[in-house]
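Protein chains get the first letters and strands the later ones, always in sequence-line order, with residue 1 at the start of each. Hydrogens, waters and symmetry mates play no part in the numbers below; they use all other heavy atoms, side chains included. All of these numbers come straight from a predicted model, not from anything done at the bench.
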There are 2 protein chains.
Amino acid sequence: MGDDPHRPRRTKKEPVSLCLPMGLDEADMQRLDQIIGRRRRIKRDQSLYRMGDRFDMLYAIRLGHFKTYQVNSNGSQQITGFQMAGELLGMDAIGTSRHQCEAVALEDSEVCEIPFSQLEELFQDMPVLLRQFHRIMSKEISREQGVMLTLNSMSAQQKLAAFLVNLSSRYATRGYSASRFQLRMTREEIGNYLGLAVESVSRLLSNLKKNGVIDVSHRDLELLDLPTLRSIALGADPCS
Amino acid sequence: MGDDPHRPRRTKKEPVSLCLPMGLDEADMQRLDQIIGRRRRIKRDQSLYRMGDRFDMLYAIRLGHFKTYQVNSNGSQQITGFQMAGELLGMDAIGTSRHQCEAVALEDSEVCEIPFSQLEELFQDMPVLLRQFHRIMSKEISREQGVMLTLNSMSAQQKLAAFLVNLSSRYATRGYSASRFQLRMTREEIGNYLGLAVESVSRLLSNLKKNGVIDVSHRDLELLDLPTLRSIALGADPCS
DNA sequence: CGTTCACTTGAATGGGATCAAACTGTGTGG
DNA sequence: CCACACAGTTTGATCCCATTCAAGTGAACG
């Protein structure tokens with residue numbers, strides 16, 4: 001699969017998270033930068049926060065990947081999402097002041113702490129920042145609705161295709177290759193997230209590979225035919 | 001099933017939607033009231049907004065019930081949620097300035113229009129209102145994550161039980177009976193939402209009734225054994 | 001070099017979908 | 001008033017996809 005496809009294409013300097021400061025002028029940008037707290041390194045399998053932890057920080061992922069999951073009353077855990085560099089972590093906790101899920105690093109990662117109370121103070125002076133923040137939260141809502149809800153009524157193949165397409169487009173918007181990346185999570189984690197058995201995930205990946213839609217070897221993934229993958233996600237062409 | 005269980009127990013006057021003005025003082029309350037636009041009546045099966053419509057209003061449901069759904073590229077529609085009086089509608093659109101889904105009244109209903117730009121102006125002066133708004137959006141995120149994502153890996157029986165428990169608790173927080181209410185949606189709509197066939201929904205309801213967990217006749221529903229229903233939702237006791 | 005963890009592949013089972021048919025309440029028009 | 005149409009619902013029989021159980025492969029690491 002060749003050299004690392006994970007180097008961003010973008011060269012522009014980014015003082016903070018990809019999305020939050022969009023549309024801010026220099027002065028505002030600096031004010032935002034000032035409240036961005038210390039960087040924190042999270043080693044693989046360490047948790048950034050746990051369920052029930054008091055909420056006072058949002059986290060901008062600088063480097064690496066995370067998963068978030070809830071633990072049901074019966075003890076089983078349900079992965080609620082995978083987050084990548086450039087995304088914001090912790091918004092689910094704003095409602096209750098307590099974290100609703102646990103965030104664990106899938107690899108050695110790095111985040112910036114954003115004290116939420118200070119962010120709220122900035123909102124009072126910087127409508128543009130507030131608007132951008134609302135935009136992000138709103139997108140989070142439709143992401144769940146759009147991607148996740150429809151999973152419910154999808155076949156296993158559709159689910160997996162939709163998952164890959166979703167990853168692809170998120171990498172793309174962050175300046176990485178849309179067609180070539182590493183899966184940072186295990187097959188089991190994918191299965192847990194999508195509501196599939198590990199074996200099904202494995203079988204489906206093999207099948208897509210056999211049909212020339214993707215190439216996959218361990219965690220290395222290449223989307224050979226994104227249009228077809230998209231159409232599979234939409235329910236067409238079971239691809240034999 | 002006797003007389004209407006849908007009269008709220010609460011007697012306190014509520015100038016606007018249940019949740020938004022929580023914690024505001026009288027003066028702020030009045031300012032909020034002033035931007036609440038005209039009431040709009042939506043007859044059954046009419047849509048409040050359609051996919052792609054420009055977003056400039058949030059809607060507080062005063063009366064009635066709605067469903068929201070997306071139309072997939074393949075033409076099929078996927079119900080993304082059911083909303084009841086006291087809930088806020090339209091937040092998914094903030095991110096893109098376009099509505100991501102269509103909202104249709106399940107019965108003759110009434111909403112208040114809340115011009116979002118004016119709400120944003122209020123945010124600048126009223127941190128408490130802003131905080132409350134963030135709380136609602138955040139809850140919306142965890143609702144999706146919590147309820148919907150876990151649906152994915154649930155059995156049909158669990159899904160339906162979880163759905164009923166969810167409705168129950170939402171009615172409860174809004175002052176209605178937690179154990180007795182009408183289903184405002186068809187079996188087909190429930191099935192669409194949960195990713196089940198109509199026949200399955202019907203069968204499962206019959207089964208729960210046979211086992212004395214619920215009583216159901218047409219749209220009239222009574223939850224006879226809420227604890228058991230909860231435990232079914234969590235994956236215990238398949239109830240024969 | 002052997003243990004371990006993640007993954008793959010095969011065969012059998014079962015839950016929910018699908019197909020088919022009957023039933024119910026509601027509204028409509030004669 | 002009844003006859004009819006119709007949409008929503010229920011119930012039964014069959015089928016199929018995804019899970020489960022089981023076994024095996026392969027890379028990573030001490």
Side-chain angles (χ1 to χ4, degrees), chain A residues 1 44-45 65 67 76 78-79 106-108 151-164 182-211 214-221 232 235-240, chain B residues 1 43-45 67 76 78-79 104 106-108 151-164 182-211 214-221 232 235 237-240:
Chain A
M1 293 242 151
R44 195 189 145 165
D45 292 332
H65 287 72
K67 68 174 171 182
S76 69
Q78 169 66 52
I79 295 178
L106 293 174
E107 61 191 313
D108 293 0
L151 278 188
N152 225 346
S153 46
M154 278 170 153
S155 73
Q157 198 180 38
Q158 280 180 276
K159 286 184 188 179
L160 189 69
F163 174 70
L164 296 179
Q182 277 189 5
L183 296 170
R184 298 328 234 268
M185 63 298 286
T186 68
R187 307 285 194 267
E188 179 158 20
E189 286 165 333
I190 296 176
N192 180 305
Y193 178 62
L194 296 178
L196 297 175
V198 199
E199 297 94 327
S200 296
V201 174
S202 179
R203 259 184 265 272
L204 291 162
L205 283 172
S206 301
N207 195 40
L208 287 174
K209 180 177 180 178
K210 201 180 68 189
N211 288 106
I214 67 173
D215 189 16
V216 61
S217 156
H218 309 287
R219 303 286 180 89
D220 295 317
L221 184 69
I232 291 175
D237 180 20
C239 208
S240 85
Chain B
M1 293 243 149
K43 293 201 84 64
R44 196 190 145 163
D45 292 332
K67 67 173 171 182
S76 69
Q78 169 65 52
I79 295 177
V104 169
L106 293 175
E107 62 191 313
D108 293 1
L151 276 188
N152 224 348
S153 46
M154 278 171 153
S155 72
Q157 197 180 38
Q158 280 180 276
K159 286 184 189 180
L160 189 68
F163 173 70
L164 296 180
Q182 275 189 5
L183 296 170
R184 299 325 236 266
M185 63 297 285
T186 68
R187 307 284 194 267
E188 180 159 20
E189 286 165 335
I190 296 175
N192 180 305
Y193 178 63
L194 296 178
L196 298 174
V198 199
E199 296 94 326
S200 296
V201 174
S202 180
R203 261 184 264 273
L204 290 162
L205 283 173
S206 301
N207 196 40
L208 286 174
K209 181 177 178 177
K210 201 179 68 190
N211 288 104
I214 67 172
D215 190 15
V216 60
S217 156
H218 310 288
R219 302 286 181 90
D220 295 316
L221 183 69
I232 291 175
D237 179 20
C239 206
S240 85

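- Contact annotation for B/G195: backbone-only contact, meaning every heavy-atom pair under 4.0 Å involves sugar-phosphate atoms and none involves a base.
- With rounding to whole Å, A/M154 atom CE is found 16 Å from C/dA17 atom P.
- Side chain of A/A197, nearest nucleotide from D/dT20, D/dT11, D/dG8: D/dT20.
- Taking a cutoff of 4.0 Å between a charged side-chain nitrogen and a carboxylate oxygen, B/K43 and B/D108 qualify as a salt bridge.
- What separates NZ of A/K210 from C1' of C/dT8 is a distance of 13 Å, to the nearest Å.
- Residue B/S155 places none of its side-chain N or O atoms closer than 4.0 Å to OP1 or OP2 of C/dG15.
- Distances shorter than 4.0 Å separate none of the side-chain N or O atoms of B/R203 from OP1 or OP2 on D/dT10.
- Rounded to whole angstrom, the span from the CG atom of B/D220 across to the C1' atom of C/dG25 amounts to 13 Å.
- A donor and an acceptor atom never sit less than 3.5 Å apart when one is taken from the side chain of A/E188 and the other from the base of C/dC7.
- Between the NE2 atom of A/H218 and the P atom of D/dT25 there is a distance of 16 Å, rounded to whole Å.
- Between B/R219 and D/dG8, a side-chain N or O to OP1/OP2 separation shorter than 4.0 Å is absent.
- Note: CZ (A/R44) to C1' (C/dA6) measures 11 Å, nearest angstrom.
- At the heavy-atom level, A/L196 lies under 4.0 Å from the strands shown only through sugar-phosphate atoms.
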Audit row: A/L160, A/I190, side-chain contact (heavy atoms from CB on, under 4.5 Å) steps and yes/no
CA-CA 9 Å; A/L160 189 69; A/I190 296 176; 4.0 Å; yes
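- Distance A/N152 CG to C/dA17 C1': 15 Å, rounded to the nearest Å.
- Rounded to whole angstrom, the span from the CG atom of A/N192 across to the P atom of D/dA18 amounts to 18 Å.
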Using the side-chain contact (heavy atoms from CB on, under 4.5 Å) rule, take B/L204 and B/K159 through it: C-alpha gap first, then chi angles, then the decisive distance, then the call.
CA-CA 10 Å; B/L204 290 162; B/K159 286 184 189 180; over 6 Å; no
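- Counting heavy-atom neighbours within 6.0 Å of B/E107 CD, excluding the residue itself, gives a total above 12.
- If you measure from atom NZ of B/K159 to atom P of C/dG16, you get 8 Å, rounded to the nearest angstrom.
- Residue contacts for A/S200: at a heavy-atom cut-off of 4.0 Å it reaches a base atom on one of the strands shown.
- B/S202 comes within 4.0 angstrom of a base, heavy atoms only.
- The shortest distance between the side-chain N/O atoms of A/R187 and the OP1/OP2 oxygens of C/dA6 is not below 4.0 Å.
- Nucleic acid contact class of B/A156 (heavy atoms, under 4.0 Å, all strands): sugar-phosphate only.
- The base of C/dC19 sits within donor-acceptor range of the side chain of B/E199, with an N or O pair under 3.5 Å.
- A/S76 is linked by a side chain to side chain donor-acceptor pair (under 3.5 Å) to A/N72, A/N74, counting only residues two or more places apart in sequence or in another chain.
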